[in-house]
Amino acid sequence: MSALEAKAEVEVGFYDTDPMEVAWHGNYLKYFEVGRCALLRRIDYDYPQMRASGYFWPIVDCRLKYVAPARYGQRLVVRAALREWEHRLRIDYRIEDAATAKKVTTGYTIQVAVAITTGELQFLSPPVLLEKLERAWRA
């Protein structure tokens, strides 16, 4: 696994399911978040570090493709991979069954840097992100 990828494991809880014990579609974004945080921690730029560096990184776009249902009690592996970082963060996701590695969901999110003090969108990723990525690649 490269420095630009991470994985996390989640279990579909009862509170995440509909009456048929299938994960409600909106919860897949929560699973993406678990993978995204694992990836951001891997490069030492999780949300507290983002805020401390002077930037918010709101999600401005996301896409999900449902391939197979996730069910109550199922263990899932969420894989997150950083694909773009120069002007925005694009993170691709693959959720798969932990036991069989069969694909359950794929998708991506796009985040942009916004200066906390001014609220201005940054058209280039801040130097702090690039420095964190450089260190992660060298590790």
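Numbering of residues begins at 1 and proceeds along the displayed sequence. Treat the numbers as computed from the prediction; the structure is a model and nothing was measured.
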- In terms of heavy-atom contacts, Lys7 and Arg79 come closest through CD-NH1, 3.6 Å
- Message: What I'd like to find out is whether the side chain of Cys37 reaches to under 4.5 Å of the side chain of Arg41, using heavy atoms alone.
- Response: yes
- Is Tyr47 linked to Tyr93 within one hydrophobic cluster, defined over Ile, Leu, Val, Met, Phe, Trp and Tyr using a side-chain heavy-atom separation of less than 4.5 Å? yes
- Item | Side chains of Ile95 and Val77 in contact at under 4.5 Å (non-hydrogen atoms) | no
- Task: Considering non-hydrogen atoms only, spot the tightest contact between Ile116 and Tyr55 and give its length.
- Result: CD1-N, 3.6 Å
- Query: With Tyr66, which of Tyr31, Trp24, Tyr28 fulfils ring-ring contact (aromatic ring centres under 6.0 Å, His included)?
  - Reply: Tyr28
- At their closest point, which heavy atom of Lys132 faces which heavy atom of Ile43, and how far apart are they? CB-O, 3.4 Å
- Query: Out of curiosity, does Val78 fall in the hydrophobic cluster containing Leu4 (side-chain heavy atoms, cut-off under 4.5 Å, transitive links)?
  - Reply: yes
- Item | N/O donor-acceptor pair under 3.5 Å between Asp18 side chain and Met20 backbone | yes
- Under the side chain to side chain contact (heavy atoms under 4.5 Å, CB included) criterion, do Asp44 and Gln49 qualify, and how do the steps go? CA-CA 7 Å; Asp44 191 33; Gln49 290 84 16; 4.0 Å; yes
- Item | ILVMFWY network linking Ile91 to Leu133, side-chain heavy atoms under 4.5 angstrom | yes
- Task: List the atom of Thr109, the atom of Cys62, and the distance in Å for their closest heavy-atom pair.
- Result: CG2-CB, 3.9 Å
- Message: If you compare all heavy atoms of Ala23 against all heavy atoms of Val12, which two are closest, and at what distance to 0.1 Å?
- Response: CB-CG1, 4.0 Å
- Message: My understanding is that only one of Arg75, Gln74, Lys103 makes a side chain to side chain donor-acceptor pair (under 3.5 Å) with Asp97; could you say which?
- Response: Gln74
- Would you say Ile110 and Leu121 are hydrophobically clustered, going by side-chain heavy atoms of ILVMFWY under 4.5 Å? yes
- Task: Examine Trp137 and Leu39 and state if one hydrophobic cluster contains both, with Ile, Leu, Val, Met, Phe, Trp and Tyr joined whenever side-chain heavy atoms are less than 4.5 Å apart.
- Result: yes
- Start with the C-alpha distance between Thr106 and Asp92, add both sets of side-chain angles, then the distance that settles side chain to side chain contact (heavy atoms under 4.5 Å, CB included), and finish with yes or no. CA-CA 8 Å; Thr106 60; Asp92 289 353; over 6 Å; no
- Query: Taking atom CG of Asp16 and atom CZ of Arg71, what is their separation to the nearest 0.5 Å?
  - Reply: 14.5 Å
- Message: Contact between Asn27 and Tyr15 at the side-chain level, heavy atoms closer than 4.5 Å - yes or no?
- Response: no
- Query: Under 6.0 Å between the ring centres of Trp57 and Trp85?
  - Reply: no
- Query: Where does the angle between the aromatic ring planes of Tyr72 and Phe14 fall among parallel (under 30°), tilted (30 to 60°) and perpendicular (over 60°)?
  - Reply: perpendicular
- Determine whether Leu82 and Glu5 make a side-chain contact, defined as any pair of heavy atoms from C-beta on separated by less than 4.5 Å. no
- Message: Quick one: does any side-chain atom of His87 pair with a main-chain N or O of Phe123 as donor and acceptor, under 3.5 Å?
- Response: yes
- Item | cation_pi(Arg90, Tyr108) dist<6.0 Å, angle<=45 | yes
- Message: Donor-acceptor pair, distance only, cut-off 3.5 Å: does the side chain of Gln122 make one with the backbone of Glu120?
- Response: yes
- Query: Closest heavy-atom contact between Thr17 and Gly13?
  - Reply: CG2-O, 3.5 Å
- NZ of Lys65: more than 12 outside heavy atoms within 6.0 angstrom? no
